[in-house]
Amino acid sequence: MIVTRFAPSPTGYLHVGGARTALFNWLLARQAGGKFLLRIEDTDTKRNTATAADQVLRDLQWLGIDWDEGPDIGGPNGPYKQSERRDIYDTYIAQLIDEGKAYYCFDTPEELAEMRVAAEKEKRNNIYPRPAVFPDAAAVEKARAKGRPVTVRLAITQTEPIVIEDEVRGTISIDPAELSDFIIQKSDGFPTYHMAVVIDDELMGVTHVIRGQEHLMNTPNHQLLQKALGFRIPTYAHMSVTVSEGGGKLSKRERPKTLKKAIKAMQDVDIDALANAGGITSDELDSFLNGKTSPDMPAVDAMAALLGVHLPEINIVDFFRSGYLPETLVNFFALLGWNPGDGREIMDREELIQAFDLSRVTKSNSLFDRQKLMSFNTEHLKTTMTPLDTLVRHFRAYLEVNDSPVAKADDTLLERIIRINEGARTLEQIEQKTRFAFLPDEAIEYDEKAVKKVLLKGDGLAMLAAVGEALATLTKLTPEGIETLLRGLAEEKQVGLGKVAQPLRVAICGNTISPPIFDAVDMLGMETTLKRIQITLEKFRQDN
RNA sequence: GGCCCCAUCGUCUAGAGGCCUAGGACACCGGGUUUUCAACCCGGCGACAGGGGUUCGAGUCCCCUUGGGGCUACCA
């Protein structure tokens with residue numbers, strides 16, 4: 001049976017790269033009818049945050065990537081948090097030392113740094129000088145007594161090339177002379193990543209390891225470890241990296257960077273109000289703008305929201321908050337470095353699972369193209385692609401996380417809103433086009449350009465008044481009734497429908513962007529529509 | 001610097017030596033449809049990084065150059 005896993009280190013939110021790695025592993029397991037496990041790699045006590053692991057789990061759940069064994073649900077080979085598996089690692093480390101395959105070291109960080117610098121100066125690889133005789137228990141005691149750090153390294157004794165059979169890259173051969181004895185146990189007693197990952201993958205029965213290219217050069221070390229411990233070597237697949245439009249890696253630093261640029265480009269920014277919105281002090285904001293520090297993510301998000309600056313989405317939650325569907329992301333990430341080979345692009349989860357094939361994973365790096373993502377979202381937002389009740393569920397979650405007034409709508413109304421906005425690109429767009437119907441009349445903001453063009457130029461206001469009078473004669477409001485009425489009015493006045501509809505649109509929602517006008521009026525209701533026409537008439541007649 | 005990986009339109013990619021006059025999608029440009037924004041329909045622009053081989057024949061195989069990426073931690 002095929003067993004894959006996703007093993008994030010809980011240092012923050014799940015980001016694009018992590019999600020893509022998780023997805024490929026999940027896809028392979030699901031398509032093969034195997035198992036997909038989740039394991040938390042929290043051996044770095046300094047970098048891990050308490051809430052990050054939970055957040056990563058939530059992000060995966062939102063994407064619809066489910067797991068068969070994991071820290072929250074357990075499983076036969078738990079625990080699934082590396083910090084809770086210390087005794088297991090200790091046993092194997094002791095075994096390697098007993099067998100003379102690993103040895104203690106007492107170097108200080110400063111000494112190691114010196115070695116590194118020296119190696120670089122001499123333009124050679126930094127290879128750790130293995131002692132002729134390995135330190136014994138007494139030596140360890142002595143070192144500890146002197147306050148020196150105690151670590152354990154694997155002794156690399158192999159001389160034949162290490163061969164990696166990679167499912168996407170083919171056969172790769174590495175000369176072990178290039179490799180240095182590496183640390184398998186840190187001075188704080190925790191295993192290093194290499195040690196923990198090898199033991200866990202063996203014990204948890206992982207058969208296929210799909211991970212980023214950044215791990216390719218770790219693989220020789222892992223295979224050496226597997227050999228030393230008598231473990232099987234799982235099938236490896238190293239996938240390409242997805243880079244940002246800016247060039248480098250898709251980095252979370254892009255968000256503060258974009259915000260900083262935007263603030264600096266603005267003329268009159270109220271620094272105090274901005275700092276306040278972000279929950280930071282003016283001094284902290286100042287330090288940020290001078291490139292010294294960077295506020296945390298919630299602060300960056302809040303300030304961007306205040307200024308109306310759109311930040312590039314990096315973390316999965318960013319995409320959620322921007323109005324993307326999880327179906328879109330799953331589809332899009334799958335196609336970043338893989339394709340079904342038959343030209344299909346827009347696919348749902350089932351189709352992806354059925355078509356997935358490790359042998360069709362691409363070798364070269366790819367660029368994250370947000371425009372194409374947007375286009376994918378447009379497709380998945382159509383009811384022919386995603387069931388309406390699913391869209392409603394996602395839409396409600398979106399509205400709630402963004403505190404939208406549209407959240408007041410019940411599911412039936414939400415369904416209708418989604419239907420009449422067929423063709424929208426994001427949930428955010430639907431929300432913006434619909435919120436006029438959920439705002440109090442006095443909260444409608446009139447777009448200056450729209451007012452000028454539609455109401456003030458020509459006889460827009462007169463037309464609006466006529467529309468108001470005509471609408472008032474209707475006894476019952478239906479989209480069809482409104483359509484008949486407005487079309488009749490346009491014909492009577494010998495003008496196109498636009499001349500009638502546009503002033504009405506501006507009157508009820510303040511700008512020229514709205515759902516189809518008949519639905520828009522119907523949603524608003526007779527009373528509010530007439531009231532807003534009245535308010536608009538009064539407001540702009542006075543101005544003239 | 002050392003080691004490793006990669007290289008087709010602006011972007012994601014199809015391409016397993018003759019099906020290639022290099023196909024699709026996004027973007028872009030032009031047109032159509034239209035009550036707005038979208039969506040939708042039609043058309044157009046646009047690539048085998050360069051140089052050597054191998055072969056009757058190379059985008060496809062080999063070598064070199066160039067370019068991009070990764071690793072080079074008591075991070076994962």
Side-chain angles (χ1 to χ4, degrees), chain A residues 7-9 11 41-44 46-48 82 105 107-109 112-113 116 119-126 149-153 164 166 168-170 172-175 178-180 182-188 190 192-194 196-197 212-220 238 240-241 243 245 247-249 332 335-339 341-346 362-376 378-379 381-382 421-425 429-430 432-433 450 454 483 486-487 490 496-502 504-506 509 511-518 520:
Chain A
S9 54
T11 54
E41 310 223 323
D42 53 352
T43 54
D44 185 355
K46 288 183 278 303
R47 287 204 315 160
N48 296 333
Q82 290 186 332
C105 302
D107 314 276
T108 64
L112 291 172
R116 213 168 16 245
E120 195 156 337
K121 221 165 151 187
E122 291 164 39
K123 297 185 175 186
R124 56 172 170 81
N125 245 345
N126 182 25
V150 177
T151 59
V152 178
R153 284 178 193 262
I164 305 169
D166 192 284
V168 344
R169 280 163 212 280
I172 296 156
S173 177
I174 310 286
D175 180 357
E178 298 288 340
L179 268 27
S180 172
F182 59 95
I183 294 182
I184 58 175
Q185 186 176 45
K186 300 186 268 188
S187 57
D188 63 2
F190 273 89
T192 57
Y193 159 73
H194 308 291
V197 88
Q213 190 198 205
E214 66 268 23
H215 286 297
L216 185 57
M217 283 300 103
N218 290 151
T219 310
H238 289 93
S240 58
V241 172
V243 298
E245 270 131 319
K249 255 166 79 170
F332 189 74
L335 255 44
L336 235 37
W338 171 84
N339 70 81
D342 56 12
R344 272 184 302 167
E345 287 204 319
I346 302 299
T362 309
K363 293 182 196 178
S364 49
N365 290 354
S366 51
L367 202 101
F368 191 81
D369 181 358
R370 286 194 167 74
Q371 278 184 307
K372 186 144 186 169
L373 176 74
M374 181 85 78
S375 148
F376 269 48
T378 308
E379 293 303 316
L381 222 34
K382 290 176 181 159
N421 280 292
E422 190 95 33
R425 301 185 74 91
Q429 242 177 38
I430 299 180
Q432 280 172 355
K433 273 165 79 170
V454 177
E483 175 160 10
L486 291 185
R487 285 197 191 280
L497 186 55
K499 286 273 182 251
V500 177
Q502 286 298 73
L504 177 56
R505 200 186 305 275
V506 175
C509 58
N511 58 51
T512 57
I513 302 169
S514 87
I517 191 67
F518 319 123

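Chain naming here is simple, since letters A, B, ... match the order of the sequence lines and numbering starts at 1 in each. A quick note: this is a predicted structure, and the numbers were derived from the prediction, not measured. Just so you know, these numbers use all the heavy atoms, side chains as well, and skip hydrogens, waters and symmetry mates.
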- [ ] Name all residues meeting the side-chain hydrogen bond (donor to acceptor under 3.5 Å, both in side chains) criterion together with A:E379; count only those two or more places apart in sequence or in a different chain, and write none if there are none.
- [x] A:K382
Answer with base, sugar-phosphate or nothing: what part of the nucleic acid does [X] contact at a heavy-atom distance below 4.0 Å?
X: A:K382; result: sugar-phosphate
X: A:I346; result: nothing
X: A:N218; result: base
X: A:H238; result: nothing
X: A:G496; result: nothing
X: A:Q213; result: base
X: A:D107; result: base

TODO: For A:I172 and B:C5, give me the distance from atom CD1 to atom C1', rounded to whole Å.
DONE: 7 Å
Open item on the list: What is the separation between atom CG on A:D342 and atom P on B:U13, rounded to the nearest whole Å?
Closed with: 16 Å
Any side-chain N or O of [X] below 4.0 angstrom from OP1/OP2 of [N]?
X: A:N126; N: B:U72; answer: no
X: A:R487; N: B:U35; answer: yes
X: A:K186; N: B:A73; answer: no
X: A:T11; N: B:A76; answer: no
X: A:R116; N: B:C74; answer: yes
X: A:K363; N: B:G70; answer: no

Task: Given A:R505, A:K433, A:Q432, the one that forms side chain to side chain contact (heavy atoms under 4.5 Å, CB included) with A:S514 - done: A:R505
Counting only Watson-Crick or G-U wobble pairs whose two distances fall under 3.5 Å, which nucleotide matches [N]?
N: B:C71; answer: B:G2
N: B:G18; answer: B:C56
N: B:G44; answer: B:C28
N: B:A7; answer: B:U66

Taking atom [atom1] in both [N] and [M], what distance in whole Å separates the two?
N: B:G10; M: B:C28; atom1: C1'; answer: 9 Å
N: B:C9; M: B:U36; atom1: P; answer: 39 Å
N: B:C29; M: B:C64; atom1: P; answer: 44 Å
N: B:G51; M: B:G24; atom1: C1'; answer: 31 Å
N: B:U8; M: B:A14; atom1: P; answer: 10 Å
N: B:U54; M: B:C61; atom1: C1'; answer: 8 Å
N: B:C26; M: B:A39; atom1: P; answer: 10 Å
N: B:A7; M: B:C12; atom1: C1'; answer: 15 Å

Among [options], which nucleotide sits nearest the side chain of [X]?
X: A:E178; options: B:G2, B:G69, B:C74; value: B:G2
X: A:F518; options: B:U35, B:A73, B:U11; value: B:U35
X: A:R153; options: B:C74, B:C12, B:C4; value: B:C74
X: A:R169; options: B:U35, B:C6, B:U11; value: B:C6
X: A:T43; options: B:A76, B:U72, B:G69; value: B:A76
X: A:Q429; options: B:A38, B:C75, B:U36; value: B:A38
X: A:M217; options: B:U13, B:C71, B:C74; value: B:C71

Task: Under 4.0 Å protein heavy-atom contacts per nucleotide of nucleotides 20-29 of chain B, with B for base, S for backbone only and - for none - done: ----BBSS--
TODO: Under the ring pair (Phe, Tyr, Trp, His ring centres under 6.0 Å) rule, collect the residues that match up with A:H194, sequence neighbours excluded.
DONE: A:F182, A:H222
